[in-house]
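Per chain, numbering begins at 1; letters A, B, ... match sequence-line order. The figures here come from the full heavy-atom set of this structure, side chains too, leaving out hydrogens, waters and symmetry mates.
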2 protein chains.
Amino acid sequence: MLTIGKLGEAAGVKVPTIRYYEQIGLLPEPDRSAGNQRLYGQSALDRLAFIRHARELGFPLDAIRDLLSLSDEPDQSCAAADVIAKKQLTTVKARIVRLTALKAELERMITQCAQGTVADCRVIEVLSDHSHCAQDHRTSGAAE
Amino acid sequence: MLTIGKLGEAAGVKVPTIRYYEQIGLLPEPDRSAGNQRLYGQSALDRLAFIRHARELGFPLDAIRDLLSLSDEPDQSCAAADVIAKKQLTTVKARIVRLTALKAELERMITQCAQGTVADCRVIEVLSDHSHCAQDHRTSGAAE
DNA sequence: TCTTGAAGCTATAGCTACTAGAGACCTTAG
DNA sequence: CTAAGGTCTCTAGTAGCTATAGCTTCAAGA
């Protein structure tokens with residue numbers, strides 16, 4: 001049996017986050033010790049690792065909730081989980097495109113900065129005037 | 001003179017967002033009409049466009065606040081602006097590395113999903129068990 | 001056995017960067 | 001003059017945590 005601290009350590013999740021996941025119903029309420037402290041078994045560790053891993057993959061908690069409900073009912077089709085993963089892949093691809101454009105823009109700004117005064121600073125100038133943009137980075141969604 | 005709606009349209013920023021920026025001190029309090037409505041001039045438009053542009057490049061509002069205060073004093077060195085931009089570039093680069101690993105992982109998951117039941121669905125399995133990961137995507141910070 | 005310090009508990013508030021809603025008021029086109 | 005739509009303030013909500021306060025419990029050393 002693991003205390004919440006050990007569980008967090010094992011799964012790589014901070015203690016308040018575990019309590020938060022319990023609060024929003026992602027993790028079931030665990031058994032308690034005689035002194036009211038949470039005690040976790042292997043299944044909680046697996047579930048938490050699942051959640052953490054999905055978070056790392058960029059899944060929002062709602063999608064994770066769906067995935068967990070799928071795995072809680074193993075007779076269901078995997079198509080639903082596949083749909084979720086594909087949706088995430090689309091999001092991730094879009095973010096990469098977006099960030100790559102931002103990177104180019106930032107690099108351009110920085111290399112052109114002559115280290116003089118603010119009056120002729122490229123960083124400020126580029127930010128002030130959209131016409132300086134090498135690419136139109138207004139088109140692919142929010143910057144995050 | 002522009003009303004808040006026209007200003008938002010001109011800068012590509014939603015009206016509540018403008019009021020929010022004013023509230024947190026990013027935009028100065030504008031003059032008001034006889035009927036208490038905000039009226040903006042060119043300088044507000046410039047400033048708002050700057051903010052929006054910096055947001056699009058992923059700068060957090062705190063960094064934008066710093067950049068704005070720098071641009072208010074054009075005789076200073078622009079080294080500080082350079083530092084802010086470089087920090088942002090580092091963040092963006094890290095996110096790209098991270099998201100690229102996630103993309104590979106999701107693609108692998110999807111191709112391996114046999115479209116059967118959840119019991120043999122790799123999507124669930126891969127997310128449950130870190131050892132299935134093609135790359136270690138644990139190393140480069142939070143998923144956002 | 002006692003004690004001390006870490007770890008746990010609940011509850012509440014705060015964070016970023018907005019967004020949405022309620023209900024009243026102002027402005028402008030027809 | 002009226003009606004529609006823009007604007008006003010204020011509050012609360014969003015995601016996904018993180019931090020704080022003030023308390024209790026647990027494990028290890030003296």
field: Contact check, side chains of Tyr20(A) and Leu61(A), non-hydrogen atoms, under 4.5 Å
entry: yes

field: Rounded distance in Å - CD (Gln23(B)) to P (dA12(D))
entry: 14 Å

field: Glu22(B): partners by side-chain hydrogen bond (donor to acceptor under 3.5 Å, both in side chains), with sequence neighbours left out
entry: Arg38(B)

- request: Please state how far atom CD in Glu29(A) lies from atom P in dG8(C), giving the value in whole angstrom units.
  value: 18 Å

query: Residues in side chain to side chain contact (heavy atoms under 4.5 Å, CB included) with Thr90(A), at least two apart?
result: none

Contacts of type side chain to side chain contact (heavy atoms under 4.5 Å, CB included), residue Lys93(A), not counting sequence neighbours: Leu89(A), Lys103(B), Glu107(B)

- line: Taken to the nearest whole Å, OH/Tyr40(B) to C1'/dC8(D) is 12 Å

task: Please list, chain by chain and in numerical order, all residues satisfying side chain to side chain contact (heavy atoms under 4.5 Å, CB included) with Gln88(A), sequence neighbours excluded.
output: Phe59(A), Pro60(A), Leu106(B)

- line: Between Leu61(A) and Leu39(B), the residue closer to the 5' end of DNA chain D by nearest nucleotide is Leu39(B)

- prompt: In whole angstrom, what separates Arg32(A)'s CZ from dG8(C)'s C1'?
  reply: 10 Å

message: Using a strict heavy-atom distance below 4.0 Å, which residues from residues 1-22 of chain B are in contact with DNA chain D?
response: Thr3(B), Ile4(B), Gly5(B), Arg19(B)

- request: Return yes if some donor-acceptor pair links the side-chain N/O of Arg47(A) with the main-chain N/O of Leu68(A) below 3.5 Å, else return no.
  value: no

- request: Could I get the full list of side chain to side chain contact (heavy atoms under 4.5 Å, CB included) partners for Val13(B), not counting sequence neighbours?
  value: Ala11(B), Thr17(B), Ile18(B), Tyr21(B), Leu48(B), Arg52(B)

query: Does Leu27(B) share a hydrophobic cluster with Leu39(B), counting links as ILVMFWY side-chain heavy atoms below 4.5 Å and allowing steps through other members?
result: no

- prompt: Rounded to whole angstrom units, what separation is found between the CZ atom of Phe59(A) and the C1' atom of dG16(D)?
  reply: 17 Å

- prompt: Whole Å only: how far is the CD atom of Glu56(A) from the P atom of dC17(D)?
  reply: 11 Å

With sequence neighbours excluded, residues passing side-chain hydrogen bond (donor to acceptor under 3.5 Å, both in side chains) with Gln42(A): Asp46(A)

message: Can you see if the side chain of Arg38(A) gets near the phosphate of dC9(C) - specifically, an N or O under 4.0 Å from OP1 or OP2?
response: yes

- request: Starting at atom CG of Asp62(B), determine the distance to atom C1' of dC18(C), rounded to an integer number of angstrom.
  value: 15 Å

Nearest listed nucleotide, side chain of Arg55(A), among dC9(C), dG16(D), dA17(C): dG16(D)

Atom pairs, protein N/O to nucleotides 1-5 of chain C N/O, distance under 3.5 Å:
none

- prompt: Nucleotide by nucleotide, 5' to 3', does protein get under 4.0 Å of the base (B), only the sugar-phosphate (S), or neither (-) in nucleotides 20-28 of chain D, counting heavy atoms?
  reply: -----SS--

task: For the pair Thr100(B) and Val92(A), evaluate side chain to side chain contact (heavy atoms under 4.5 Å, CB included) and give the outcome as yes or no after the intermediate values.
output: CA-CA 8 Å; Thr100(B) 303; Val92(A) 167; over 6 Å; no

- prompt: Does any pair with a residue in residues 9-18 of chain B pass salt bridge (Lys or Arg N to Asp or Glu O under 4.0 Å), and if so which ones, sequence neighbours excluded?
  reply: none

